[in-house]
> 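Here it is: the structure, laid out below.
So that the names make sense, note that chain A is the first sequence line, chain B the second, and so on, each numbered from 1. From a predicted model like this one, the values you see are computed outputs, not experimental measurements. Atom set for the values below is all heavy atoms of this structure, side chains included, hydrogens, waters and symmetry mates excluded.
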Amino acid sequence: MALDLNYTADEQRFRAEVRAWMQTHVPKEPLPTLEGEVGFALHREWEKTLAAGDWGMITWPREYGGRGASLIEWLIFEEEYYRANAPLRVNQNGIFLLGPTLMEFGSEEQKARFLPQMAAGEEVWAQAWSEPQAGSDLAALRSTATREGDEYVLRGHKIWSSRATFADWCFGIFRTDPASERHKGLTFFLVPLTHPGVRVRGIRQMHGEPGFAEIFFEDVRVPVAWRLGADGEGWNIAMATAGFERGLMLRSPARFQVAAQRLVRLYETHAETAEPALASAVAQAVMDAEAYALSTYATATRLIAGGKIGVEASLNKIFWSELDVHIHRCALSLLGGFAELAAGDPAVVGSDAWLDGFIFSLAGPIYAGTNEIQRNIIAERLLGLPRG
Amino acid sequence: MALDLNYTADEQRFRAEVRAWMQTHVPKEPLPTLEGEVGFALHREWEKTLAAGDWGMITWPREYGGRGASLIEWLIFEEEYYRANAPLRVNQNGIFLLGPTLMEFGSEEQKARFLPQMAAGEEVWAQAWSEPQAGSDLAALRSTATREGDEYVLRGHKIWSSRATFADWCFGIFRTDPASERHKGLTFFLVPLTHPGVRVRGIRQMHGEPGFAEIFFEDVRVPVAWRLGADGEGWNIAMATAGFERGLMLRSPARFQVAAQRLVRLYETHAETAEPALASAVAQAVMDAEAYALSTYATATRLIAGGKIGVEASLNKIFWSELDVHIHRCALSLLGGFAELAAGDPAVVGSDAWLDGFIFSLAGPIYAGTNEIQRNIIAERLLGLPRG
Amino acid sequence: MDFTFTEEQQMMVSAFRELADDLCSATALRAAFEGRSDHASERWQRLAELGLPGMLAPESVGGMGLNLADFILIAEAAGRAALPETLVEHAGIAVPLLSEFSADARVASVLQAAASGDARVAINHTSNPFALGALEASHVLMVGDQEIHLLTRDAVSLESHRSIDALRSLSRVTGSLGASTCIARGAEAVAAAARAFERGALLTAAECAGLCEALIGLGVSYASERTQFGKKIGSYQAIKHQLANVQVKLEFARPVLYAAATQADALTTRSQFAVSHAKLASTDAVDLAGRTAVQVHGAMGYSWEVDVHFYLKRALGLTGMWGDRSFHMRRAQHQLFTQHLDVGPDALFGSSALPAMSL
Amino acid sequence: MDFTFTEEQQMMVSAFRELADDLCSATALRAAFEGRSDHASERWQRLAELGLPGMLAPESVGGMGLNLADFILIAEAAGRAALPETLVEHAGIAVPLLSEFSADARVASVLQAAASGDARVAINHTSNPFALGALEASHVLMVGDQEIHLLTRDAVSLESHRSIDALRSLSRVTGSLGASTCIARGAEAVAAAARAFERGALLTAAECAGLCEALIGLGVSYASERTQFGKKIGSYQAIKHQLANVQVKLEFARPVLYAAATQADALTTRSQFAVSHAKLASTDAVDLAGRTAVQVHGAMGYSWEVDVHFYLKRALGLTGMWGDRSFHMRRAQHQLFTQHLDVGPDALFGSSALPAMSL
C-alpha cells in the first residue's frame with residue numbers, strides 16, 4: 001500500500017535496538033570539538049566504539065563491515081543517533097563520500113582493502129579537492145600526477161581539506177594528462193597523509209581551531225593500486241562523490257530535527273522577552289526540519305524502489321544549509337546579550353553550543369558546492385533554463 | 001547648524017497653508033482609478049484644481065507655473081498632500097519626469113511652450129520608451145526617425161506606455177542614425193498622441209483596466225521644434241529622465257508613510273487573530289517608510305547644498321518598491337479570507353483598496369528599470385565590482 | 001513505511017492532468033475569466049465521466065471508495081490547471097462529509113447524485129467568510145458550530161460577493177434551518193465539521209502547490225524565450241536564482257502535503273500540526289511563485305495579456321480559505337509551545353514513538 | 001531643516017578615520033586579536049591626542065563641548081575600523097553621563113581626567129548582562145535601577161567572561177556601594193540611566209553601521225580579485241546582487257542613525273522609537289553584511305586567514321548590548337500599538353506636527 005507512513009514491526013524493533021545501544025554507549029558528556037587535536041582523538045575512539053557495536057556504516061554489506069540495513073533503517077538509526085546526542089562522525093568523508101564511491105567505482109581489491117577499515121573507524125579520511133585557484137571551479141585544478149612505470153608522481157597544492165590535519169588518508173583528483181583542460185585528463189587517487197612527500201598544514205577556521213588544512217604534494221610516489229577508476233576518469237568519479245555529498249546521507253534530517261527541538265526549548269525559556277516574530281521563526285524552524293525529514297523519507301523510498309538521486313540533491317543542499325543558518329540565527333537572537341559568549345564560558349546559557357553552531361552553519365551554504373552553484377544547477381538541469 | 005531637524009517658522013507656515021488648502025479642496029470621496037476612462041477625466045480635473053491653487057508643481061519657477069518652492073517645502077507639500085488623501089497625480093510623467101528634463105535640456109521656446117501647460121494640468125504626458133524587443137534593454141530599440149527637410153518622420157512601435165490611452169502627448173527616443181547601434185544615434189522627441197499617424201491601443205493591466213498602451217507610429221511627421229536636445233543626444237537625455245524617475249521626486253515618502261500608518265490601524269483591528277510575526281512586519285513597515293522619508297530629507301538638503309543625485313537613485317528604487325510590496329503583503333495577510341475581494345465589493349474591510357494596492361505594488365520592482373538592473377548598477381557603479 | 005504513490009494513483013492523476021490540460025487551455029481559461037464563454041457544464045460533465053466527483057464516496061453509492069491520500073494529487077493537478085470548477089471542494093470535502101452520514105436516507109440520495117456528478121454540493125463552513133461555488137451548486141452544506149444542515153440550492157438565499165478571481169463565485173448563504181434539514185448535531189457534528197476543515201485546509205494547500213508549479217512553468221517558458229541585452233533572460237543568474245528558489249520551496253512543500261494527507265482525518269495534535277504545516281508551506285511557496293513569475297515577465301507579467309495573473313489571483317483566494325496564514329501559524333505555535341507537541345526525530349509520524357523504555 | 005553635517009564635523013571624522021586606519025591595519029588587528037602584541041595604550045594615547053575622549057565633555061573641564069550628533073560619525077568610524085578600544089563607551093556614554101553631574105566635585109575631577117584620556121571609564125549598566133572594558137578602565141560607573149555610583153577600578157571586583165571577539169573584555173562587576181560612591185539617586189538617576197541607555201543603543205548601532213561598511217568593502221575587494229570559471233566572481237550577478245542588497249540596507253540605516261542622534265537625549269516616545277529603529281536597522285544591516293561577506297569569500301571567508309571574522313564577531317557582541325533585537329522590536333511595537341505613536345508623514349521629526357486647526 002502506498003503512502004503508508006507507519007513503521008513496520010521490524011522497523012520498530014530495529015529502533016528499539018538502536019535506542020538501547022545508544023543509551024548505554026553514548027558518552028554522557030559531549031566530546032570536545034573534533035576540529036581540535038584532543039577532540040579528534042576522542043571522536044576517533046567513538047568511531048571504534050560504534051564499529052565494535054556493528055554500527056560503523058549499517059547500510060553497507062556485511063562483508064565490508066556493515067549490516068546490510070535498508071535506507072529506512074538507516075534513517076531510524078540516524079534519528080536515534082541524534083536523539084541520543086551522540087558525537088559527530090569524524091569519518092564522514094570516508095563513510096558517506098568515499099565509501100559509496102568505492103562501492104561504485106572501486107576494484108574488488110580496493111573495496112576489500114579500504115571499506116572495512118573505514119567502517120571499523122581505523123582509517124579516517126580527508127578530502128583533497130580544492131586548490132587555491134580552484135574552489136567552486138573544481139575543473140580549474142592544476143595539481144598533477146605523472147605516470148612513471150607502475151607509479152604516479154603527484155605534485156601540487158590542495159586546500160580547504162576538512163580535518164586533514166589529523167586524518168590518515170585523503171582522496172582527490174589530479175591532472176594526469178598535462179595537455180588536457182578543464183574536466184578532461186583528471187584521475188582519482190587515494191593517498192595516505194603520512195606518505196613521503198605529503199605535507200599537511202592546518203588552517204584555522206573562524207572559531208580558531210585547525211578544522212581545515214592545506215596539503216602539499218611534493219613528488220609523492222603512489223602505486224597504481226591507489227588509483228580509483230581508470231586514468232582520465234577522475235572528473236566523473238568526483239562528480240559522483242560530490243553527488244553523495246549533497247545527496248541523501250551527509251546531512252541526515254534528525255540532526256536538524258534535534259536542533260529545532262532544542263530551539264523550541266530555548267524559546268520557551270525566553271518567551272517573555274522574545275520579540276513576536278521569533279515565535280513564528282522558531283515554529284518555521286521546526287516545520288522546515290520536518291519538511292526536510294519527510295523529503296528524505298520520500299527520497300529513501302524512491303531509492304529503495306530503484307530510483308536514483310539526481311539534480312534534486314541540489315535542492316537538498318540549499319534547503320538544509322539555509323535551515324541550519326536559520327535555526328542558529330534564531331537561537332542567537334533569543335540569547336541576546338549572552339549570544340557572544342565563547343564556548344566554555346561559565347555564563348553560557350544552557351548546554352547547547354549555539355554560537356559555535358552558528359559559525360559552523362555559515363559554512364553550509366559554501367561547502368559541497370556553493371548554494372549559488374546549486375541554484376545554477378537547479379535552474380539549468382531541473383528547470384531547463386538556458387546556460388549562462 | 002548642521003543636522004538641525006526642525007522646521008523653520010516659514011516652513012511651518014507653509015505647511016499650514018497647504019493643509020488649509022487641501023482640507024478645503026481634496027475630494028471627500030476617493031476618485032475612481034486613473035487607469036480607467038472616467039477616473040482619468042476626474043483626475044485631469046483635479047490637476048486643474050491644483051493648478052488653480054498654484055500647486056501644479058511648486059518647485060518650478062513662477063514663470064513656468066510654479067512657485068519657486070524649496071525641496072524641503074516640496075516634501076512638506078507632499079506630506080500634506082498624502083495626509084489629506086488627495087488623488088494620485090495623473091500627470092506625473094509630465095511634472096516629475098519630462099518637466100525636469102525640459103528644464104535641463106529644452107530650448108527657451110520649448111520650456112515656455114510646454115512647462116506652463118503641464119503645471120496647469122492642461123496637457124497630460126505619457127512615456128514612449130519601451131518597445132516589444134526593448135524592455136529593460138532600452139538601447140535595443142528599433143523605432144526610427146528619418147530627417148526630411150524641417151521634419152522628422154517617425155516609424156515604430158512603443159509599448160508599456162502608462163496611461164497613454166487617455167493622455168495628450170508622449171515623449172520618447174527614436175533611432176535617427178540608421179547605421180547606429182545600441183546607445184548611439186538616438187534622438188528625443190515630443191509628439192502629440194492625436195497627431196496624424198499615431199495610433200494608441202490600450203493594454204489591460206492585471207486588474208483589468210487599460211493602464212498601459214501600445215503606441216504605433218506610422219509615418220508620423222513632426223517638426224524639428226519637437227526634438228528635445230540635439231540629434232543623436234537622445235540616450236543621454238533619456239538617461240537623465242530615467243534618473244529623475246528613480247530619483248527624488250516620483251515616489252515621495254509621504255505616500256508610504258500614510259500607507260504604513262493605515263497598516264498600523266488595520267493591524268490594530270486584527271491584533272487578536274494575527275500571527276505574531278505580523279506585529280513585527282507591520283512595525284518594520286513603519287520603520288522602513290520613515291527610513292525612506294529620512295533618506296529623502298537627507299538627499300533634499302544635499303541637493304539644496306549643490307549636490308547631485310547619482311547612482312543612489314538605484315538604492316531608492318529598490319527600497320521603495322520592496323517597501324510597497326511589503327506593506328501590501330502585510331495588509332493582505334491581515335485581511336485573510338477577505339483579501340481576495342475585488343475593489344468595490346460591499347464586504348471589503350475598511351475603505352483602503354489594499355488588494356488593488358498590492359497588485360499595483362508588483363509593478364514597482366519592474367518599472368523605471370527592474371530591480372535586477374538597479375542591483376547591477378549599484379554593484380558596478382557604486383561598489384565598483386567588475387562588469388558582467 | 002512507504003512514501004510513494006501506487007501505479008493506480010499515478011495513472012489516475014495522469015488521466016486527470018491530461019483532461020485538465022485539455023479543459024483548461026490558456027484560451028479556455030481566458031474566455032472563462034472574461035465571461036466570454038461558458039463551458040462550465042461541459043467541463044463538469046467531462047470530470048464526472050472520469051468518476052472524479054465520487055472518488056471519495058463509498059462504492060455502495062457508486063463512488064470509488066478511495067481516501068484523502070488518493071485525492072491529494074488530484075487536488076494538486078486541479079490547482080496546476082487553475083480548474084474553474086469546484087471539484088476539490090465537492091469531491092474532496094463535501095462528499096466525504098456526506099459519506100459520514102450516509103446512513104441517513106436524505107443524505108444517501110444526495111450523496112449518490114454527488115458521486116455521479118449529477119448533484120454539485122457547496123459548503124458554507126463557519127470558518128470561511130464566504131461559501132465557494134454556491135451559485136453553481138445544486139446543494140449547500142451549512143456547517144455550523146454545533147449542527148450540520150443539508151439544503152437544496154433553491155432553499156437558500158445567496159448574497160453574492162466578487163473575488164478578484166472572476167472564476168471564484170463567493171456567497172454568504174442563509175437559509176431556514178430546522179429538523180428537516182439537520183443531518184448532524186452535537187459532538188458528531190463538531191467532529192465532522194473539524195474533519196471538513198482539515199480536509200479543506202489540506203486540499204487548498206495542494207491546489208496552491210499545483211498553482212506554484214504552473215507559475216514556475218510560466219516563468220521558465222518566458223525566460224527561455226525573451227531576449228534582453230543580447231541574451232535569453234533565463235541565462236542571467238538574477239532570473240535563474242529567483243526561479244530556483246521557488247522550486248526549492250515547492251519541493252519541500254510537497255512531501256509535507258502527502259504526509260498530511262495520510263493523517264488529516266485523525267484530528268490529533270500531530271495531524272493538525274501536519275495540516276497547518278502543509279497549508280503554510282504551500283501558500284508561502286505559491287506567494288513567492290506569483291511574485292517571481294510577475295517579476296520574470298517584466299511589464300508583460302503585470303498585464304492582462306499573459307496568464308500569470310489567473311494563477312496569482314486563484315492563489316490569493318485559496319490562501320485565505322480554510323484558515324488563513326495567521327490561523328495556521330498560530331495553531332502551529334499553540335501546538336508547539338502550549339501543547340508541547342513532541343517534535344523529536346522519532347515523533348515525525350506520530351505513531352512511531354516507542355513506549356518509554358525501562359532499561 | 002538641514003540634514004547635512006558641517007565641514008567641521010566632516011573634518012573631525014576624516015582625521016579620525018585616517019588615524020583609525022593607521023591604528024587598526026589588518027596586521028595590527030590580527031596581532032591584537034591573537035594576543036601577539038599590545039599596542040593598546042599607544043592606541044589610546046593617539047586617540048587622546050586627537051581630543052576624542054573629551055569630545056562630549058564641557059569645555060570647562062577641557063572637553064570640546066560637542067553633542068551626540070557630532071559624535072555619531074565618530075562612532076560609525078570606530079566600528080568601521082573595528083577599533084579595539086572602548087572609545088565609544090567612554091566618550092559617547094560615560095563622559096556625557098558624568099557631565100550631567102559635574103557640579104559634584106568627585107565627578108568633576110574624574111570627568112576632567114576622562115576628557116583628557118588620563119582616566120578611562122567603563123559602564124556597568126543594569127540593562128547589559130556584562131560590562132565592557134572594565135578590565136582596562138580606571139573607573140567604573142555602576143548604573144543601577146535607582147542609583148548611579150562612580151568607583152575606581154581598584155574598588156570593584158571583576159568576574160571575567162570570554163566573548164568570541166577576543167578584543168571585547170566582558171565582566172560582571174561588583175563593588176561596595178555607599179554614600180561615598182553614589183553620584184545620583186532617584187528620578188535624577190533614573191533619567192540619567194535612561195539617557196545612557198539611549199546613547200548606548202544609538203552608538204552601538206552606529207558602530208554596527210561602520211562594521212557593515214567594512215564588511216561590504218572586504219566582500220567587494222575579494223570579489224574583484226578572485227577568479228572562478230574564467231571570470232572575476234564579482235562579475236556574476238549572484239555575487240553582485242547579494243552585495244548590492246547589503247548596500248541598500250546600510251544606506252537606509254544611516255539617515256535613521258543621524259536623525260536619532262539629534263533627539264536620543266529627549267526620552268520621548270518619538271525619540272525612543274527613533275533609537276530603537278536605528279539599532280534594529282543597523283544590526284540587521286550588519287547581520288546580512290557578515291553572512292554575505294563570508295559567502296562571497298567562500299571557504300576563505302570561513303577561515304581565520306581573512307579578516308571577515310573580526311568584524312562579524314564584533315557585530316555579534318554589539319548586537320546584543322544596550323537592548324538586543326527583541327528588546328528594541330518590542331519597544332517599537334509598544335510605542336506603535338499601545339502608546340499609539342503618531343507616525344503620520346507630518347510627525348516624522350516629532351516637533352513638526354501642527355496644532356489642531358479650527359477651520
Side-chain angles (χ1 to χ4, degrees), chain A residues 1-8 11-12 15-16 19-20 23-24 72 78-80 82-83 253-254 257-258 260-261 264 267-268 271 279-280 282-283 286-295 297-298 300-302 305 312 315 318-319 372 374-376 378-380 382-388, chain C residues 1-9 69-70 72 216 219-220 223-224 231-232 234-237 239-241 243-245 247-248 251-256 258-259 261-263 273-274 276-277 280-281 329 332-333 335-337 340-352 354 357 359:
Chain A
M1 181 189 145
L3 268 196
D4 175 11
L5 305 188
N6 296 293
Y7 296 103
T8 63
E11 287 163 348
Q12 298 262 38
R15 181 186 293 278
R19 186 171 296 186
Q23 208 153 348
T24 317
I72 299 297
E78 290 285 299
E79 286 168 3
E80 294 300 321
Y82 281 99
R83 198 176 163 283
Q257 288 170 279
V258 165
Q261 191 179 29
V264 169
Y267 174 76
E268 286 169 349
S280 305
V282 169
V286 172
M287 289 189 272
D288 287 349
E290 296 205 340
Y292 182 57
L294 292 168
S295 165
Y297 270 96
T301 48
R302 202 162 48 71
E312 63 272 29
L315 298 159
I318 290 172
F319 196 79
E372 288 76 25
Q374 306 306 330
R375 290 193 178 91
N376 285 347
I378 293 166
E380 292 168 12
L382 190 64
L383 301 179
L385 287 166
R387 299 189 74 106
Chain C
M1 177 65 58
D2 181 2
F3 212 126
T4 54
F5 289 96
T6 60
E7 215 167 308
E8 291 75 25
Q9 287 169 327
D70 298 301
I72 191 82
I216 293 172
V220 167
S224 304
K231 297 203 301 192
K232 300 288 181 207
S235 67
Y236 292 103
Q237 282 184 332
I239 299 293
K240 276 188 182 153
H241 290 195
L243 287 165
N245 284 339
Q247 185 68 29
V248 171
E251 208 74 32
F252 287 90
R254 278 182 171 142
V256 177
Y258 307 153
T262 65
Q263 53 186 309
F273 185 76
S276 287
H277 182 182
L280 290 165
M329 186 46 109
Q333 289 178 25
Q335 287 152 348
L336 285 176
F337 305 136
H340 301 291
L341 173 68
D342 186 355
V343 292
D346 57 326
L348 182 62
F349 299 105
S351 58
S352 65
L354 294 174
M357 297 208 326
L359 286 173

> Hey, could you give me the CG/CG distance between A/Asp288 and C/Leu280, rounded to the nearest 0.5 Å?
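CG of C/Leu280 is found 10.5 Å from CG of A/Asp288.
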> So, for A/Glu79 and C/Pro345, which heavy atoms are closest and what is the spacing to 0.1 Å?
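It is CD-O, 3.1 Å.
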> Out of C/Ala259, C/Ala261, C/Ala281, return the one with the most heavy atom pairs under 4.5 angstrom to chain A.
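Looking at each option in turn, the highest pair count goes to C/Ala259.
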> So what's closer than 4.5 Å to chain A heavy atoms on C/Gln247: side chain, backbone, both or neither?
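Backbone plus side chain of C/Gln247, per the 4.5 Å heavy-atom cut-off to chain A.
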> Looking at CZ of A/Arg387 and NZ of C/Lys231, how far apart are the two atoms once the value is rounded to the nearest 0.5 Å?
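The NZ atom of C/Lys231 is 12.5 Å from CZ of A/Arg387, to the nearest 0.5 Å.
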> Using non-hydrogen atoms and a 4.5 Å limit, figure out which bit of C/Gln9 sits close to chain A: side chain, backbone, both or neither.
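C/Gln9 touches chain A through side-chain heavy atoms alone.
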> Relative to chain C, which of A/Ser280, A/Ala271, A/Ala260 shows the most heavy atom pairs under 4.5 Å?
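Most heavy-atom pairs within the cutoff with chain C belong to A/Ser280.
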> What part of A/Glu380 gets within 4.5 angstrom of chain C, counting heavy atoms only: side chain, backbone, both, or neither?
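Just its side chain gets close to chain C.
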> Hey, are the side chains of C/Phe273 and A/Glu290 touching, using non-hydrogen atoms and a 4.5 Å cut-off?
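Yes, at least one pair of side-chain atoms sits under 4.5 Å.
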> Quick one: which of C/His340, C/Glu251, C/Met329 has the most heavy-atom pairs under 4.5 Å with chain A, could you say?
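Among C/His340, C/Glu251, C/Met329, the one with the most close pairs to chain A is C/Met329.
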> Between C/Leu336 and A/Ala283, what is the shortest heavy-atom contact and its length?
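Closest approach of C/Leu336 to A/Ala283: CD1-CA, 3.6 Å.
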> Fit a plane to each ring of A/Tyr267 and C/Phe337, take the angle between them on a 0 to 90° scale, and name the class: parallel (under 30°), tilted (30 to 60°) or perpendicular (over 60°).
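A/Tyr267 and C/Phe337: tilted rings.
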> Between A/Leu383 and C/Ala244, which heavy-atom pair has the shortest distance, and what is it?
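So the minimum-distance heavy-atom pair works out to CD1-N, 4.2 Å.
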> Would you compute the distance between atom CG of A/Asp4 and atom OG1 of C/Thr4 and round it to the nearest 0.5 angstrom?
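Here the interatomic distance stands at 10.0 Å.
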> Side chains of C/Ser224 and A/Leu385: does their closest heavy-atom pair fall under 4.5 Å?
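Touching, per the 4.5 Å side-chain cut-off.
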> Inspect the contact between C/Asp346 and A/Arg15 and indicate whether a charged nitrogen and a carboxylate oxygen are less than 4.0 angstrom apart.
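No.
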> Taking the side chain as C-beta and beyond, is there a heavy-atom pair between C/Phe252 and A/Leu315 under 4.5 Å?
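The answer is yes, as the side chains (C-beta and beyond) meet within the 4.5 Å cut-off.
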> Quick check on C/Asp70 against chain A: is it the side chain, the backbone, both or neither that has a heavy atom closer than 4.5 Å?
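Neither the backbone nor the side chain of C/Asp70 comes within 4.5 Å of chain A.
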> Side chains of C/Asp342 and A/Gln261: does their closest heavy-atom pair fall under 4.5 Å?
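Yes. Closest side-chain heavy atoms under 4.5 Å.
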> So A/Arg375 and C/Lys240, do their side chains get closer than 4.5 Å, heavy atoms only?
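In short, these two side chains do not touch, never coming nearer than 4.5 Å.
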> Measuring heavy-atom distances to chain C, does A/Ala305 have an atom under 4.5 Å in its side chain, in its backbone, in both, or in neither?
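Contact with chain C is absent: no heavy atom of A/Ala305 under 4.5 Å.
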> Which of the residues A/Val258, A/Val286, A/Ile318 is involved in the greatest number of heavy-atom pairs with chain C at under 4.5 angstrom?
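That would be A/Val286.
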> In terms of heavy-atom proximity below 4.5 Å to chain A, should C/Tyr236 be classed as side chain, backbone, both, or neither?
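Neither part.
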> CZ/C/Phe3 to CG/A/Leu5 distance, rounded to the nearest 0.5 angstrom?
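Atom-to-atom, C/Phe3:CZ and A/Leu5:CG are 5.0 Å apart.
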